[in-house]
Protein chains: 2
Amino acid sequence: MTSEKLDRRKKYTRMVLKDSLLQLLKQKSFSQVTVKEICERADINRSTFYAHYRDQFELLETIEDEIVMDMKQYMNTYNLQEKEDALKMTEKLISYFAAKQEELIILLNVSDETSFERKVREVAQASIRSEWIISEQTDQQLSSYLTAFIISGSVHVLKMWLLGGMEEPPHKMAKLINNLINHGIYGTDWEMFP
Amino acid sequence: MTSEKLDRRKKYTRMVLKDSLLQLLKQKSFSQVTVKEICERADINRSTFYAHYRDQFELLETIEDEIVMDMKQYMNTYNLQEKEDALKMTEKLISYFAAKQEELIILLNVSDETSFERKVREVAQASIRSEWIISEQTDQQLSSYLTAFIISGSVHVLKMWLLGGMEEPPHKMAKLINNLINHGIYGTDWEMFP
DNA sequence: AACTGTTTGTTGATAAACCAACACTGTGTT
DNA sequence: AACACAGTGTTGGTTTATCAACAAACAGTT
């Protein structure tokens with residue numbers, strides 16, 4: 001049996017365990033899901049579960065890894081076959097996500113945001129909404145994406161900075177974030193950040 | 001393991017083989033369906049098929065038997081639990097059929113009607129339609145059922161008579177069929193048929 | 001602390017499915 | 001008639017899943 005050809009039974013077992021976990025995650029958070037439940041829903045013996053996975057964390061990780069590997073392979077294949085610019089590539093990738101919507105929604109909802117992080121995000125969002133004057137002609141949904149982009153980007157950059165020990169001084173970080181917000185990558189004068 | 005508790009793998013194998021056969025029967029006649037195809041669609045090894053069934057005929061027969069057994073059990077259970085008259089029982093049975101519509105349509109379509117039989121039916125149907133004056137108030141669909149009932153009944157009775165060696169003389173058969181059409185079972189004077 | 005119920009993780013014997021291979025049959029083509 | 005191809009039915013060794021059972025851990029209740 002070649003390494004590419006997985007035994008049908010294994011293939012089936014893994015598929016139904018994965019699907020069952022995803023279905024359960026629609027109804028409850030990951031921390032509430034038990035191995036017993038997954039197996040009942042999959043109609044698979046518990047000892048079989050343990051033959052494949054150490055625990056439900058490993059099953060989840062496997063599912064996530066599949067997505068990541070799909071993405072990698074997808075991007076690699078795409079790069080090699082067609083010489084398109086970055087915009088088209090982004091479109092294709094988004095289409096791929098769209099195709100995987102049901103699964104991704106579930107997976108992206110698993111890792112719970114810290115309640116503090118959510119608060120930060122909410123405060124920032126309220127502040128932006130109250131202070132920015134948005135053109136009446138700007139599409140509502142688009143402005144929602146815009147603010148989400150800015151806030152998520154900022155929060156994440158701040159998180160990295162905090163977790164990295166705050167090596168850069170605050171004013172430097174402020175400059176960086178502000179420029180990215182206003183001008184994006186190409187509009188930022190990187191000479192400002194030697 | 002009690003006789004009631006079927007091994008999960010067996011249960012699964014039989015289910016997917018059954019489903020696969022039914023799906024294939026949606027697309028082609030039974031005579032065109034191969035064991036190889038059923039197994040490919042079910043993603044089950046061919047030797048496994050043969051471990052369960054002698055051939056595709058036995059698989060089909062098994063599916064039909066399940067329906068029949070369901071019907072029997074259904075009717076038995078119903079009879080024991082509630083003392084309703086025949087009309088309500090018929091209603092319940094029809095509801096059961098309705099619930100099994102997808103499967104029954106496929107199964108009832110399997111045994112191909114002979115082309116001759118179809119011709120007979122079509123000729124009779126045309127004749128009835130052209131000669132009978134149906135009240136304008138009669139529901140269209142109901143009159144279709146009526147003619148189908150009469151024709152199917154007649155054709156089947158004739159078939160039995162022919163296959164049985166035509167023991168009864170033609171005029172006797174004509175009388176029987178005619179009376180059944182016009183008066184049904186209770187309206188027929190059975191003294192006419194000693 | 002003791003108790004109860006549920007879930008976990010593991011075990012070994014058994015059952016079922018898989019896999020590749022083989023010889024044979026039937027069909028269509030040359 | 002010979003050939004090629006697809007499908008059939010079978011085989012034996014291997015792999016995987018099942019099953020019931022067990023001891024331990026965990027969570028909630030008293």
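Scope of the values below: all heavy atoms of this structure, side chains included, with no hydrogens, waters or symmetry mates. The chains referred to below are lettered A, B, ... by the order of the sequence lines, with proteins before strands, and numbering in each begins at 1.
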Donor-acceptor contacts under 3.5 Å from residues 34-41 of chain A side chains, at least two apart:
unit_1: A:Thr34; atom_1: OG1; unit_2: A:Glu37; atom_2: N; d: 3.1
unit_1: A:Thr34; atom_1: OG1; unit_2: A:Glu37; atom_2: OE1; d: 3.4
unit_1: A:Lys36; atom_1: NZ; unit_2: A:Glu40; atom_2: OE2; d: 2.8
unit_1: A:Glu37; atom_1: OE1; unit_2: A:Lys28; atom_2: NZ; d: 3.4
unit_1: A:Glu37; atom_1: OE1; unit_2: A:Thr34; atom_2: N; d: 3.1
unit_1: A:Glu37; atom_1: OE2; unit_2: A:Lys28; atom_2: NZ; d: 2.5

- Message: At less than 4.0 Å, is any side-chain N or O atom of B:His52 found next to OP1 or OP2 of C:dA16? Yes or no.
- Response: no

- A:Asn45: partners by side chain to side chain contact (heavy atoms under 4.5 Å, CB included), with sequence neighbours left out: A:Ser47, A:Thr48, B:Arg8

- Message: Rounded to whole Å, please give me the gap between CG in A:Asp7 and P in C:dA16.
- Response: 17 Å

- Please report, rounded to the nearest Å, how far the P atom of D:dA6 is from the CD1 atom of B:Ile38. 19 Å

- Task: Just jot down the side chain to side chain donor-acceptor pair (under 3.5 Å) partners of A:Gln32, sequence neighbours excluded, or say none.
- Result: A:Ser29

- Query: Is B:Ser47 near enough to C:dC18 that one of its side-chain N or O atoms lies under 4.0 angstrom from OP1 or OP2?
  - Reply: no

- Task: Could you check how far CG of A:Asp55 sits from C1' of C:dT10, rounded to whole Å?
- Result: 15 Å

- Could you say whether B:Val33 or A:Asp43 is positioned toward the 5' end of DNA chain D, judged by the nucleotide with the nearest heavy atom to each? B:Val33

- Message: Going by the rule side chain to side chain contact (heavy atoms under 4.5 Å, CB included), which residues pair with B:Thr62 if we only count those two or more places apart in sequence or in a different chain?
- Response: B:Tyr53, B:Glu58, B:Glu66

- Would you check if B:Lys26 and B:Leu22 make a side-chain contact, meaning some heavy-atom pair closer than 4.5 Å? no

- Query: Can you list the residues that meet the salt bridge (Lys or Arg N to Asp or Glu O under 4.0 Å) rule with B:Lys10, with sequence neighbours excluded?
  - Reply: none

- Message: Could you work out, with side chain to side chain donor-acceptor pair (under 3.5 Å) as the rule, every residue matching B:Glu61, not counting sequence neighbours?
- Response: none

- To the nearest Å, give me how far apart NZ (B:Lys11) and P (D:dA17) are. 16 Å

- Spatial distance of atom CG (A:Leu25) from atom CZ (A:Phe30) [nearest 0.5 Å]: 7.0 Å

- Note on the structure: To the nearest angstrom, the CG-P distance between A:Asn45 and C:dT10 comes to 14 Å

- Task: Let me know the distance between CE of B:Met15 and P of C:dA16, rounded to the nearest Å.
- Result: 17 Å

- Could you tell me the separation between the CZ atom of A:Phe57 and the P atom of C:dT8, rounded to a whole number of Å? 10 Å

Extract from the structure each pairing of a protein N or O with an N or O of nucleotides 5-7 of chain C at less than 3.5 Å, listing the distance.
unit_1: C:dT7; atom_1: OP2; unit_2: A:Lys36; atom_2: NZ; d: 3.3

- Note on the structure: The answer to which of A:Arg8 and A:Gln56 contacts DNA chain C further toward the 5' end, by nearest nucleotide, is A:Gln56

- Item | For A:Arg9, all residues meeting salt bridge (Lys or Arg N to Asp or Glu O under 4.0 Å), sequence neighbours excluded | A:Asp7

- Ignoring hydrogens and angles, answer whether the base of C:dA17 and the side-chain atoms of B:Arg9 contain a donor-acceptor pair closer than 3.5 Å. no

- Query: With nearest nucleotides of DNA chain C determined for A:Arg54 and B:Ile44 from heavy-atom distances, which residue corresponds to the more 5′ nucleotide?
  - Reply: A:Arg54

- Between A:Tyr50 and C:dT10, does any side-chain N or O lie under 4.0 Å from OP1 or OP2? no

- Message: Tell me the closest heavy-atom pair linking A:Leu17 and A:Leu59, and the distance in Å.
- Response: O-CD2, 3.8 Å

- Message: Rounded to whole Å, how long is the line connecting atom CZ of B:Phe49 with atom C1' of D:dT10?
- Response: 14 Å

- Pairing annotation in dot-bracket form, given for DNA chain C with Watson-Crick or G-U pairs under 3.5 Å and | for cross-strand partners: ||||||||||||||||||||||||||||||

